[in-house]
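Because only heavy atoms are used, hydrogens play no part in the values below, and waters and symmetry mates are left out as well, while side chains stay in. Just so it is clear, the structure is predicted and the values come from calculations on it, not from any experiment.
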Amino acid sequence: MIGDIVETKRCQLKDPMDLFHSGQVVKICAPMVRYSKLAFRTLVRKYSCDLCYTPMIVAADFVRSAKARDSEFTTNKGDHPLIVQFAAKEAQVLCDAARIVYPFADGIDLNCGCPQRWAMAEGYGACLINKPELVRDMVRHVRNQIDNPRFSVSIKIRIHEDLKRTVDLCQKAEATGVSWITVHGRSVEERHQPVHYDAIKIIKQSMSIPIVANGDIKTLKDAENVHHLTGADGIMVARGLLANPAMFAGYEETPLKCIQDWVDIALEHGTPFTCFHHHLMYMMERITSKQEKKVFNVLSSTSAVLDYLNDRYGV
């Protein structure tokens, strides 16, 4: 489960809260199902990413099953600061999951923003924005049972149509001791509509704790613009980093050095072929022609991909 973890005194780790008080905008890799795993986190950390999240993990499965723990959570001594994101709907289950990862992570995040039908049907994700008392209860339980104020407890939310309800949710979470809140500036029903950065700004102005802005940020320039529009303390990016893991370092498109680094890191971590290949497809989207994509996207083995990259790019 824990990879080649080496015991490290917690005081030596970078503290996520210190990042938010550094005076710089915190650059964050979002939780992404299948994608924000250890190998990819290792890559983006090389390119100015300050803080990484694991993919969302269903807390009940994680607590119940050693197999789920082994497949869902891998880390190592360089993988810090790290936030483990959980889907949960019961306070004690979330606490149990948090206690398992506590020795190896810097904080946990409660997903209150996933709009997928299966998550909502199970009582997870974005349906929690309509249950502020339950969110408050879950945060309070983790705070009470993990007696370390430097271990962060955060939430990631979507917004309501009526923004007053979102502000109320955030203020209740803040009063319970939540460390920061990430706001995806769309409602549960919205998918590709423009992000409501004005809503994130209003939430930021209503709170004392750090607020992280999320949604449609594709370049470092976008990140800077969203920071100026919202006043957010951090910027969280998902698809923009998949397309260009060097984005936070200021690259407009994925540099060949980053592709080389991904190959090295993925092979070293034993990344499964499908994941290895998919990441490269995302990374090379902007730098390959339609014809090149037709060839590259149907390659079916690691050796075929390595030969292609060597022949075409000298990687």
So does [Y] get a backbone contact from the side chain of [X], meaning a donor-acceptor N/O pair under 3.5 Å?
| X | Y | value |
| --- | --- | --- |
| Arg136 | Ala173 | no |
| Asp233 | Ile211 | yes |
| Thr230 | Ala232 | yes |
| Asp79 | Arg41 | no |
| Lys37 | Pro55 | no |
| His141 | Asp137 | yes |
| Trp262 | Phe276 | yes |
| Thr254 | Ala243 | yes |
| Gln193 | Arg191 | yes |
| Arg99 | Val142 | no |

Using a 6.0 Å cut-off, check whether atom [atom1] of [X] has over 12 heavy atoms from anything other than its own residue.
| X | atom1 | answer |
| --- | --- | --- |
| Glu292 | CD | yes |
| Lys221 | NZ | no |
| Tyr308 | OH | yes |
| Arg117 | CZ | no |
| Asp147 | CG | no |
| Gln260 | CD | yes |

Query raised in the report: Is the closest basic N to carboxylate O distance between Asp168 and Lys172 below 4.0 Å?
Result: yes
Query raised in the report: Less than 4.0 Å between a side-chain N and a carboxylate O, is that true for Asp109 and Lys156?
Result: no
**Report entry** Residue pairs fulfilling salt bridge (charged side-chain N to carboxylate O under 4.0 Å, His left out) with at least one residue in residues 176-188, sequence neighbours excluded
**Finding:** Arg186-Asp216
Least distance between heavy atoms, [X] atom then [Y] atom:
| X | Y | result |
| --- | --- | --- |
| Lys89 | Gly123 | CB-O, 3.6 Å |
| His160 | Ile129 | NE2-O, 2.9 Å |
| Val305 | Phe273 | CG2-CE1, 3.7 Å |
| Met56 | Ala87 | SD-CB, 3.7 Å |
| Ala126 | Val188 | CB-CG2, 3.6 Å |
| Val178 | Ile209 | CG1-CD1, 3.4 Å |

Taking side chain as C-beta onward, heavy atoms only, is [X] less than 4.5 Å from [Y]?
| X | Y | value |
| --- | --- | --- |
| Glu90 | Cys95 | no |
| Ser152 | Phe20 | no |
| Phe73 | Val84 | yes |
| Tyr197 | Val226 | yes |

Query raised in the report: Only one of Arg143, Glu174, Arg150 forms a side-chain hydrogen bond (donor to acceptor under 3.5 Å, both in side chains) with Ser179, so which one is it?
Result: Arg143
Report summary line: Partner of Ile157 under side-chain contact (heavy atoms from CB on, under 4.5 Å), picked from Thr166, Leu110, Thr182, is Thr166
Report summary line: Paired with Lys27, the side-chain contact (heavy atoms from CB on, under 4.5 Å) test is passed by just one of Asp50, Ile235, Val44, Val237, namely Asp50
Report task. Hey, can you tell me if His278 and Tyr35 have their rings parallel, tilted or perpendicular (30° and 60° cut-offs)? Result -> tilted
Requested in this report: For the residue pair Tyr47 and Tyr251, categorise the inter-ring angle as parallel (less than 30°), tilted (30 to 60°) or perpendicular (more than 60°).
Outcome: perpendicular
Query raised in the report: Please walk me through it: do Val183 and Met207 pass side chain to side chain contact (heavy atoms under 4.5 Å, CB included)?
Result: CA-CA 12 Å; Val183 183; Met207 309 293 292; over 6 Å; no
**Report entry** Candidate pair Asn244 and Met283, rule side chain to side chain contact (heavy atoms under 4.5 Å, CB included), full reasoning
**Finding:** CA-CA 6 Å; Asn244 179 7; Met283 284 181 213; over 6 Å; no
Requested in this report: Go through Trp180 and Met17 one step at a time and tell me if the side chain to side chain contact (heavy atoms under 4.5 Å, CB included) criterion holds.
Outcome: CA-CA 9 Å; Trp180 68 84; Met17 289 310 296; 3.6 Å; yes
Requested in this report: Please assess Phe248 against Leu241 for the test side chain to side chain contact (heavy atoms under 4.5 Å, CB included), listing each intermediate value before the final yes or no.
Outcome: CA-CA 8 Å; Phe248 283 140; Leu241 276 176; 3.7 Å; yes
Requested in this report: Using the test side-chain contact (heavy atoms from CB on, under 4.5 Å), find all partners of Ser65 that sit at least two apart in sequence or belong to another chain.
Outcome: Lys67, Ala68
Query raised in the report: In Å, rounded to the nearest 0.5 Å, how long is the span from SG of Cys275 to NE2 of His269?
Result: 11.5 Å
